[in-house]
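What follows is a set of notes on a single structure, which appears directly below.
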Amino acid sequence: MDMDSFAFKKSFGQNFIKDKKIIHNIVDRANIQKNSLVIEIGPGAGALTEELVKHADMVLAYEIDERLKTFLTEKFQDNDHVEFIFDDFLKRDLKQDIEKYAYENIYVVANLPYYITTPIITKLITEPISVLNIVVMVQKEVGDRFLAAPGMKEYNSLTVYLNYYFNIKKLFLVSRNVFVPKPNVDSMVVSLVKKENQLKVINESLFFQLVRDSFQFKRKTLKNNLKRYDLDKIEKVLRTYQLDLTVRAEQLSLEMFVAISNALA
Ligand code: SAM
């Protein structure tokens, strides 16, 4: 594709990678095994897709920008390891989309459109499909949030529930200079591998709501953010950690949130 004449859309988060080494590294670190289905969100001009099809039995790539349809379909016309869906990934029924494929494991590998990083990750968690390994490029600051420990300013509700599902690792940093057009942020490639021994949560929807409500006003104490909840029960759990209701959500670990939510369930 002629990158010089393509009118990149900022509103679609279009920053394409021009460095093949980075692409190789991403695919390498995804460690795609045999009989796998790889979901890619936002193939763009297909640079990452091209490498993924060499390793995956099937790549299912979602691209919102119809202007890329002719280019992508022609580029991969002789390849039976890839299918494109030209639609908004967020609007798709993933379970239905993948039901025709035979596979052992699902991987998600993508250079994400940054403006919808959180909705994409949330969708991957909440849809009834089981993803083994997610390797994605995100804005560096967002990667820092995924990896934040309690007490750090980047620690938020997303950190808590991502860590509930996944072991999260920073793989490497990527400079803004390897993209066209050059974005005004740096990037990070992270991996999210499904935990084998997830903490036991009695009621997941209660857990998610509790975590979200706890962080609703970041500067407020738990007592103020959780007025609607049974504060006596919460305080009892906090005391076992030598804490009380004046604590802020950012100081609580995943384990503490799980204990509180189980006490309320
Ligand atoms: N994978 C390519 C690369 O690495 O060079 C392009 C990555 S670019 C950061 C993000 C891509 O996601 C763009 O091609 C954009 O059009 C696409 N995109 C944006 N929003 C989308 C959505 N809601 N559903 C599917 N694709 C989307």
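Order of appearance sets the numbers: ligands from 1, and atoms from 1 within every ligand. Computed over heavy atoms, backbone and side chain alike; hydrogens, waters and symmetry mates excluded.
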Between Glu127 and Arg92, does any NZ, NE, NH1 or NH2 come within less than 4.0 Å of an OD or OE carboxylate oxygen? no
Charged N to carboxylate O below 4.0 Å: is that the case for Arg145 and Glu141? no
Glu40 heavy atoms within 4.0 Å reach ligand 1 at atoms 1 (N)
The closest protein heavy-atom partner of atom 24 (N) of ligand 1 is Phe89 N, 2.9 Å
Protein heavy atom at shortest distance from atom 5 (O) of ligand 1: Ile17 N, 2.9 Å
Consider every N or O of Leu68 and every N or O of ligand 1, then say whether any pair is closer than 3.5 Å. no
Which is closest to atom 8 (S) of ligand 1 in terms of heavy atoms, Ala61, Gly13, Ala45, Pro113? Gly13
Top protein contact for atom 21 (C) of ligand 1, by heavy-atom distance: Ile64 CG2, 3.5 Å
Of all the non-hydrogen atoms in the protein, which one sits nearest to atom 4 (O) of ligand 1, and at what distance? Asn111 ND2, 2.8 Å
Do Asn163 side-chain atoms and Thr159 backbone N/O form a donor-acceptor pair below 3.5 Å? yes
Ignoring hydrogens and geometry beyond distance, is a side-chain donor-acceptor pair present between Ser187 and Tyr114 at under 3.5 Å? yes
Parallel, tilted or perpendicular: which describes the rings of Phe208 and Tyr165, with under 30° parallel and over 60° perpendicular? parallel
